[in-house]
Structures are given as structure tokens and as C-alpha cells.
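These notes concern the structure reproduced below.
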Amino acid sequence: MYVPDIKLHNATTLEEAGGTLARYAPSVRLLAGGTDLLVDLKTGRATYDHLVSINRIETLRGLDENANELRIGALTTVTQLGSAPVVRERFSPLLDATSKMAAPQIRNVATVGGNIAAAVPCADLPPILTAMNASVALWLSGDERTVPLHDFFTGPRETILRDGELLTAALVPKPPPGFGATYARFGMREGNTIAVAAVAASLLLDSAGTVQDARIILGAVAPIPKMVKEAGDALIGQKADDDSFGAAADIAMKAAEPISDVRGSADFRRELVAVLTKRALTTARDRAKETL
Amino acid sequence: MAIPLTLSVNGEAYTVAAEPADTLLDVLRDKLRLTGTKKGCNVGDCGACTILVDGEAMNSCLLLASEMQGKSITTIEGLAKDGKLTPVQKAFVEEGGIQCGFCTPGMVMSATALLNTNPDPSDDEIKEALSGNMCRCTGYTGILRSVKRYKRHSGECTCKQEEPASKDAGKPKYDSVGVSIPRVDAADKVTGRATYTADVSLPNMLYGKILGSPIAHGRVKRIDTSKAEALPGVVLVITGADVTDTMYGVSPARYDEHVLAKEKVRHVGDEVAAVAAIDEKTAEKALTLIEVEYEELPAVFDPMTAIADGAPQLHDQYKNNVNTHVDHTFGDIEKGFAESHHVREETFTGNNVYQSPMEPHASVATWDNDGTLVLYSSTQVPHYVQYMMAHVLHIPLGKVRVIRPTVGGGFGGKAATSPLDLCAAILSQKTGRPVKMIYSREEMFHYGRGRHKQHMKFKLGVDRDGKIKAFKSEIHLDGGAYSSFGVATAYYAGSVVPTLYHFPAYKFDGYRMMTNKPACGAMRGHGVPQPRFAFECLLNMVADDLGIDPIEIRRRNAMTPNTLTVNEMDVGSCEFRATLDATCNKSSWNEKYGELPPGKGIGVGSGGFVSGAGYCIYRGQVQLSHEKPREHFQKRSIFPHANAIVKISEDGMAAVLLIGAAEIGQGSDTVLTQMCAESLGIPVSRMRIRSEDSDISPLDLGAYSSRVTLMAGHAVSRAAVDVVDKMKPYAAKLLDCQEEDVEARNGKMFINPKRDNPSRDRKGADNCCSDSAEAARCKGAAHDNPNRNRKGADTTIDDSRTIPWEEVARQYFNDNGPLVGTGCYKPPDGLGGDYKGSTVGTSPAYSFGTSVCELSVDLETGKVKVERFTDYHDCGTPINPQAVHGQVEGAIVMGASETIMEDVQFDEKGQILNPNLHGYLQMTIKDAPEIFSGIVDSYEPRGPFGAKEIGEGSTLPVLGAVAHAIANATGVWIKDLPITPEKILKGLKCVPGPGTMHER
């Protein structure tokens, strides 16, 4: 249970980090918080010859809000995200994820960038960020591109990141009036759990309470955080009520592709998806109404 | 390649050479020797390694040391300044926030991080802040109290505990007994000073690792160790060919384990080879270079399949894989059922529960030049380890010295000699160097020795009033690949069921089966919790069938004092009914049961346990076990099970208690110290206890079967009385009075001429007394009373007629040399019946308790939140009420946790799917219920100061109470542990039918 012998590179700039990543691909991995990576290395789930620490690249830290969006630096820790006044006041649905993820010792170290880029199917931030229409900023050789988060994941622990490319930030658009979102997750116990099934949902309502836009994203029940477009579309133009939510939940449940493992069977996870979808939509609606 | 690192730790700058990939935890522990930070899981699940980095709590196992340069690191050693505890540390010491202490440093660091930024946290904020720190002992209750106490700085905490009611004024009052003093080891544990086995470091020490089998069943065809031996840093590799043919185990009739596999492997993880190397990392790497060729054999994982003809056989000597068969019938069982008004038969299934102590097993072995083995072991049973090392290594017992450093919890998982003990000793012997071996969390699961999963078919017959007429149980225990404790487990599964209720007729059929999984062993409540769960559920079902209140049906059947049970267990004191009444009242049962809305439930369960096994695990006398064959069984103890020496310092100012009883976190050092001080007549502050070294302390059988308070307590008190008896002539001379008028109390000796209580003063009693069973049954007769120097609480001391205790001790030393007293304890002769297996379940005394559980169930997801527990226990006289409550609180959380979430899961090849603390679920502080723990007034004549057990018995009511409350909330009985959300949802979908409780 030791981290195997490995070459550790300390990058102080993006250029340095990107260059080292490109040079040693594919047996190289970025080290940020390391709360997943070190476990993988110790248990032999993953092996790399090189690690590139980006913890000294200060520009990757912190939150920056402008008129349109919140930019969350990749090295921002989950604790920093959850305690930032701007998040608590204007991006509060993120707290549903930051407050439930793992335990304080992990949240104090784990980074937003890592939680996204590791592409672990049960990660807590990607579903709610996707529900909030977030994008990610990807840096390669001096160029930054912006990609919607729901296009970022390609499989379990796989993303569209190219050799030498880094995720530098998550970008969350400012929620408009009538927008409400939430993240509902089910864990096998109250504290320090991994999600068995999770649903993030967002609703955009008009003043009459009719759904203008809706997103439903499933966590831990598919190879990637799965946006169920049909479930969201089914709600558009509908009243945000139990009937429409029930129909959407049914679609979401059928779209889930869960596996059976120690935490629960696939059937159980599907049932949870239906329940969590209904609950998430209800909370999202209530929150949306508060902004109208 | 190692690089120089500069780290700021606790305000000091350290420069060390470390590998870039070294974790901060390893650098702190191995390079800086700051061993207060613990390695519990090494993957961020348990929080034992929590430290502060720039004020924030982090798991040091998940940080690379090289990334920590320039940051300010605080470890547990950095909190107390100038020898003074911080307020948080003080609160942990005073509020019972500490038991085994292994989680304590991390817990204190997390609490410190919270309170530094939020000095007035809510309960929810405290629980959130500590949710990444696992504790297996306290049930988190004392920990929550501790942080809350700090929060209030002063004043009383709202977590309620009751001191025992002192209604019996006729009983002697004590100075040190019955008092909630802080644990004697609390300050060491809260500062990180306490040394656990993994913290021991000897010069020139090597590190060992064991290679486990990757397959569940097979023959070892060939082992090639050459590549491993060629790895730089590897000193020795051993295989089955290098170790003795002598087998070991627990039950002498069934020693069936080799130190390393000789021919076959029987479960994944079965020991195949061992390596000693210059560091653990190298040893670990060497394991991957050992080539083993196996011939894989068909394996069997289910006990019901294993018993069938043609099933794969694990051992030649266990036909049809039946390791033990118990066939007990007491009374006329057919007549009992025939006369029953109502008979109900149900099938229940238990789960694979693991003790999961926070401290991983560890051993350090070294050999003295004179050929004495010195073994540091994380064990509950130093003597049995000593005995087994002598047996396997073919050396006299006297050539084995076992040192038990601080132990971070056991719960039965450390109650036998481990492969680490044996391999460390052998590797050390062959290399001539000390060898340290520690299990990883995953290896702990593969070693196993957890609770047996039991498949139980129960049939209960009652009369019109719910009084039990007959009970029949058929149980298949899934034993795993080796016997371990299993023979006793199989008997326990039957023998402690009839100690709680009156059974006129009882039949028990038990089969302990071998399967290709890690061996199961003894876990808290040894063999009894699952049958108890099943019986309590069945009794509640029957109560419902008849429309009798579940508590009332217990009252009607409750065990009564001074009863010989149907299976000839000798019950003395018994306040079971009092626990039923108190729990009923305190929980407002009558207002709640049947009155709660769907999704809310209340349930009741009861239980009780032995206060120490009546017989030693091995027969005969202490000897090298090769010397002669096992002796024929006699219904008496050949040698004392507990022994103590009390040695007074030459100035009379300190008393040192030397005893081998194993402190594993349960608090035995503290309660034994209290009893010793009480019997000596000095304050606890003058006491020290040395319980860690077999060279210092005489034999004690160890911490199992809830035996320590009663058995070691007697030995301690008798040794203390022996000291006082030696002092009396000197005191009498100085006080100018008769010897028999001298009393010792509170650091003074004085004349108490009004002594008039000869019935409590058995003059001339042997200091190693074994009560005859007959005398013991005659309650009210004089029992060996450790407190016979004491007259009564209201004695007024005439100052002019007192003399300092230490002055008398000095006078004694001046004339005679060392002032030493000895004492020992043998269980009463003649315990148990004359049938086969009658010894298991025999005990000098039995405990009783009742729990009421309140919980809520999310009827859409099946998720259970255990909200509240109300518990009353009959533990006789509580020696330390806070320690008693600590045991109850820990047992409730452990029991509730195993009822709803714990289960070691295997795949179809026998691989464990969840050998870690994120897959094997245990309750966190956020899952733990609010607990009210109460003690009913009781006095056990066979116990020291009237005391009996608390540690294991308090687990027993819990499982049934939780299951009943879930049934009450949902209308569905789940008879298959653990009661997971998935099972509840499935149950809710079934139309209520047979097996349901009441329809909504």
C-alpha cells in the first residue's frame, strides 16, 4: 500500500505542465489534490511513471465572478467552493454537492478540476454543474477552448482531453430569474459516502410556472454523468407539477444504465433514479419560484 | 531517489530525505517518529491520520510530503503546550470521548480544526466536521459530548446518563469504585503518546509481509522465490517448507492451520509465503515477485451446499465439511409444542460482520540472546498468544515474553494468535533481527475471524398467555476455512439463548460448516447476537400474533434470579425485569408502540451474556503443550484464570498493580485500578498499573468472554487485601489497638472499633478462592468479599486515631523488605451440566439488558435513520459508570450498524468485494443515534464489589430492537441481515402476507 516509485515533476506554469504532460503521455498524470489519484496508485488500480504537480500554478486557484458567469479555478478546493460567499449567495445549488461529498478532510484537499477531470462516474460536481449549464475551459499550448461540460466525458475515467491539455476552470453561467436547480443523491449511510445514485435537475420557469427549459443529469448510474435530454424535453411547456415530474422521472429511470455492485443492484439504482428525479425536480421548482 | 525535504511541523523546521512519492503520513511516522498520527486504512476512509495543514484538517495518507513544503503542519503532538492539554483534549479526557484511542488523535485534530474557526458549533456542524473520522468503540456518543463540553466551556452536557441509583443504603459505599473517573490512559491517548504495536521501533529492525493465496481453493504445486530473494533489500523469503509441521488454532481439538500453507490453500488470502526486507515497501514489492503455481480445486462458499454429498471437501477430517455438530435437547420438546396454544416457525439469516477495529493487527518479534522470544503483539489475549507461540515453536512457555502495547480495539478480532505473530517470530529467529509486521486494512479482511454468518430455522411454541412452552432452533454457521473459535461459537449459538427467558423445553441443532472463505471467529457477543436477533424477532412476531405487548411478553417469560436454566447455566443476580420496566418507562413505549405514523418505528429487544467463560480454552495445567497429551476434562479450573500482584513503593506513596489483563480500549486498566485502590484504601492517584508485559505481570487469560471486570477484578482486590493484611500488625502497633480493628481508607489507617459485620469478613479466606457452585447458589451466604476491610460509608474517622497509610507501609518495608500482595481467581467448581459441550456458556454470572430503538424509514428509498436508543442494563455494580455507558453506547452503534449496513461480500470465486472502509460500511458519527444509557440497581454476589459484565451483553438487545423498529415503521419483517434499503423496498412491494407484522 505504497505509492510506487514515480517521477514527480513540479510545474509552476501551464506551459511547463502542458509540456511535461505531452512529453510523457500516456504514462503521466496531473496531480492536484490527489485524493483519488493517490488511492489509485496505492491500490494498483492505476500506474503511471510520471506525475505533474500543478499545485504551484497559482493562477488556477480561486473564484472569479463577472456579469455573466462564475469562473471556478481548477485548483479551487471543494471546501473553498462551498464556503465562498458568491457561491452561497448566487450559485447555491452547488452547495448540494459540496456539502455531501466525502468528508471534510477530503473536501479540504480535493479540487474542482480533479473532481471533473478524473471523470469518475459517481463524482458529485459534474451532475450539478451540468444542470447549471456549466462549461469547462481547456488549455493546450497557450490556447484555451470552452466546451460544454456535458460534452466533456467520453467514458468512465475518460474525457476529451488531449495529450498536453489541462482543465483550467469550470464556468457557470449566472442563473437567470425563474431558474432553480438542485442535486439529490443517495448514499448508503449519512456521512462520508459515495453516491449510489444521484440526480441533478434544473428548471427554468416563466412567471406562470410553465417550464421553459429543463435538464436532468444522472450520476453514478451510467458510465458518465448522463444528461437525459428526453426527460428534460418532456417537461418543456408543461406545468411544473407532480404529474409532469412523474413522467420525466419515468423517462430518466429508463435512461439509466446502472451496474450492480456492493452498494446496490442495478434494479435498486433504477428505482432510486425515479425517486431522486421527482425529488430533485420538486426542489428545483421551489427554488425557481423563489426567484420569480 | 530520495530528495531533501524541509517541512514545518508543530512550529519546528525538519529537513529529511524522502522519496518524492512518500506520503506525509509515512514521513511523519517513520522519518520524524511522530507516531501519534495513526495509519488506519491508508486510503482516506478512516481519518485516523488527520493532521492540520495551515489550519485545515486533511488525511496525511493522501498527501505527498514533497507537496507540503512551505506549509504549516500541525500533528497531535503539537497541540498540548508545556505539558498542558488543550481544552478540546481535556474535554475528550473528561467526557469519555476516548476508548481504544486509535481514532483519538485524528478525532481531536478534526475537532480542533472545527473549533478554531467555529467556536460555537451546532450538533449538526460537529457531526459534519467529524464525519470523516471513524470510531469503532465509543458509538461517537462520548466524542460528541466532548466537543459539546468544550463548546460550553463549563456547565453540564445535555447528553444524559444516569448514575446508578444508590437506593440500597445498607451496601458499603466506596471511594474509588462506582465513580466515573477519567480513564487512566486517557492523557496518553489524547496527546498521541500512547504507543501501539505499529509505533514500536527496534534497532536494526526488518519489516515483514505475507503473501496470500489469490484463489479460494487449490493445491500449491510449486513456489519460486528466487526473483523475490534477488530484489535489493530483501533479507529472507520463507514458504511452507521452511516452517514447522505443527498446526495451530484456537480449540485444542481442532488445530488445523499451518503457519504457511503446506499443501493446500483454502481461501483467498490464505498464507503462502512471507518476506522480511529492510522496509515495508520493499517487502510488499517482493511479494509480487514470488511465483506460485496452483492446481485450482472446486470451491464451496455456502454452508448449505457444503454439507451436501459430493461437495468440495476442505479438510479430510471434517466429513461433509461439518466442523462441529451440536445436538442438544433439554426437556420434553415434543410435549412442549403439543401443549402450545400457538406455534410459529420462521427462518432468519445473519450477515458476515467484521470486527473492524480501527487499529490494524501488528506484531514485532525479536529474540534475546538467551533464546527468549520477545513478541510485541496487538492482542486481546497475551497469554494464549504466549501459549500458542510455545506450542508452534516448540519452546517452553517461560521462554516466550509477550508485550501488549496499547491496543486499538479488538472486539474478538484479536483474540487469537495471528499469522503476523507467528511469521514475525519465525522471520526474526531466522534472520537474527527484529521483524515488524502490520496488516493493511485489506489484509485484515482476508485474515477474517469475524462473526459467523448463521442460517437459522427457529420454532417457538407459547401458551395462551404468551408463556414459552418449547423452543427449537436449527442453525448452520458459515465457519470459513478453519476452525478458529468455531467449535465454541457453535455451542454459544445455542447455550446463551435460554439464559434470558425460562424455557421448559429446548432443542438446539447446530452445524458449524467449513467453506472456502476466511475463517470466522469470535466477535462481540460470540455466536449469540444473530440467534438473539432471530429469537427477539420471533418473540415479537408471536406477541403480535397473540395481541400481547412485546415488552409484556418478555416480562412474562423473563429469567429470574437464582435459577438453574434448562441447560444448567447457573444464573445468580438477575434484574432483567427491571431493565424491561425502566426501558418501557423511559422510552414512553406505551404511548408510542402502535401509535406512530407510517415510516416511523419503535422496537424492543433484550439480551444478556456471560461474565467470563467458566473454563479455560485449553484443558489441564499451564505447560509446554507437547509435554503430554491433553488432560481429561474435570469440572473445575486447574489453574487460576486471573492473577495479580500489588507492589508498594518503598516510601509507601505508590502502589503498582501488576496484572496481565488486556486493556484493548474497553477500560480494564481503569476499572482494575479503581478496584485495587478501593481495596488498598488509597486514592486512585497513588496507583499505577502495569498490564502490558508477561515478564512483569502474572498470567491472565485476557480480554474475551466479558471476563475481565469479574475475574481480574477479584484477583486485584484479593492482592490488595493481601497487602493490607500484611500492614495491619504494624498499624495496630502504631495505633495501639487490635489488628482486626484496623481499617484502611483514603490513604489512612485507623481504628474502627465498631466493626461488627463479620458475615462480610471472611477471616482467613484463601487469597485464591474458588467458590463451590453449591455455596454460590445459596445466595445471601458469605461470598468472598474483596471489600472486607471496609465497614460502612458512615464511619466517622477520629483524626487522633489515624496514621498515614504510607507510614505503615514504610515500617513494613523497614522490617520485611518488599511489601507485595498477591491474589488470584478461579471460577467456581462444578459449573455447567454433565452433557457434551456443557462448558460453553457457563459463567459465574450473567448480565441482562433491554433496548428500545426509534427510527424512521424513507418509504420511497428504503433508507433507515436510527434516531434514538433507550437502554437499561443489569451489569451488577458499575465500577466506573462512565465506562459502562461508553460500552453500551459503543455496542449500540456497532449493533445498529451491523443490523442495517455491515456485510463482507464475496464474489462467486471467493474474492472479497469490499475489503476496505468505504465498501464495508460502518456507521459514521452522522449515522449514530442519540443514546440514553441507564443502569439498573443490581448486585452480583459472585462479582467483585457486586460487579458483572457490560462489554458484550450490551450488543445483544440491539439487533432485534432495530429489526423490530423497522418492521414497526414499514409493516414488513426483514429476516435477512443486514436490513438494507434495497431489501426494505423489496419487502414493501410484496403484498402483506405471512411474515408481515401488521397491515396498514
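Here the structure is a predicted model, which means the values were calculated and not measured. Residue numbering restarts at 1 for every chain, and letters A, B, ... go by the order of the sequence lines.
Proximity to chain B is limited to the side chain of A:Val275, based on heavy atoms less than 4.5 angstrom apart. With a threshold of 4.5 angstrom between heavy atoms, B:Leu917 approaches chain A through N, CA, C or O but not through any side-chain atom. Residue A:Asp267: no heavy atom, backbone or side chain, is found under 4.5 Å from chain B. Only the side chain of B:Lys285 comes within contact range of chain A, judged by heavy atoms closer than 4.5 Å. If you measure heavy-atom distances from B:Glu128 to chain A, the contacts under 4.5 Å come from both the backbone and the side chain. For a residue to count as touching a neighbouring chain, one of its non-hydrogen atoms must lie under 4.5 Å from one of that chain's; by this rule B:Leu63 touches chain A with backbone and side chain alike. For B:Leu985, the part lying under 4.5 angstrom from a heavy atom of chain A is the side chain only. Neither the backbone nor the side chain of B:Asn916 comes within less than 4.5 Å of any heavy atom in chain A. Heavy-atom distances place the side chain of B:Ser440, and not its backbone, under 4.5 Å from chain A. Heavy atoms closer than 4.5 Å to chain A are found in the side chain of B:Met134, but not in its backbone. Neither the backbone nor the side chain of A:Leu37 comes within less than 4.5 Å of any heavy atom of chain B. Contact of B:Ser897 with chain A is not made at all, since no heavy-atom distance falls under 4.5 Å. Using a 4.5 Å cut-off between heavy atoms, B:Cys41 contacts chain A through its backbone alone, with no side-chain atom that close. Looking at B:Met58, the atoms closer than 4.5 Å to chain A (heavy atoms on both sides) sit in the backbone and in the side chain alike. The contact between A:Arg189 and chain B is made by backbone and side chain atoms together, counting heavy-atom distances below 4.5 Å. For a residue to count as touching a neighbouring chain, one of its non-hydrogen atoms must lie under 4.5 Å from one of that chain's; by this rule A:Thr193 does not touch chain B. In this structure, chain A has a heavy atom under 4.5 Å from the side chain of B:Lys39, while its backbone stays farther away. For chain A, no part of B:Ile900 is nearby; none of its heavy atoms comes within less than 4.5 Å. Contacts of B:Gln905 with chain A are made by side-chain atoms alone, with heavy-atom separations under 4.5 Å and no backbone atom involved.
Checked for salt-bridge contact, A:Asp36 and A:Arg157 miss the test: no charged N lies under 4.0 Å from a carboxylate O. Contact check on B:Glu67 versus A:Arg56 returns a salt bridge, with a Lys/Arg side-chain nitrogen under 4.0 Å from an Asp/Glu carboxylate oxygen. Using a 4.0 Å cut-off between charged nitrogen and carboxylate oxygen, A:Glu271 and B:Lys989 count as a salt-bridge pair. A:Lys254 has a carboxylate O that lies under 4.0 Å from a charged side-chain N of A:Asp250, or vice versa, which qualifies the two as a salt bridge. Remark: B:Lys281 does not engage B:Glu284 in a salt bridge, criterion side-chain N to carboxylate O under 4.0 Å. A salt bridge links A:Asp40 to A:Arg45: one of the charged nitrogens lies within less than 4.0 Å of a carboxylate oxygen. Of the charged side-chain nitrogens involved, none lies within less than 4.0 Å of a carboxylate oxygen, so that A:Asp124 and A:Arg107 do not count as a salt-bridged pair.
Around NZ of B:Lys926, the count of heavy atoms belonging to other residues, nucleotides or ligands within 6.0 Å exceeds 12.
Taking the six-membered ring for Trp and the full ring otherwise, the centers of A:Phe268 and A:Phe186 sit less than 6.0 Å from each other. Less than 6.0 angstrom separates the ring centroid of A:Tyr24 from the ring centroid of A:His9.
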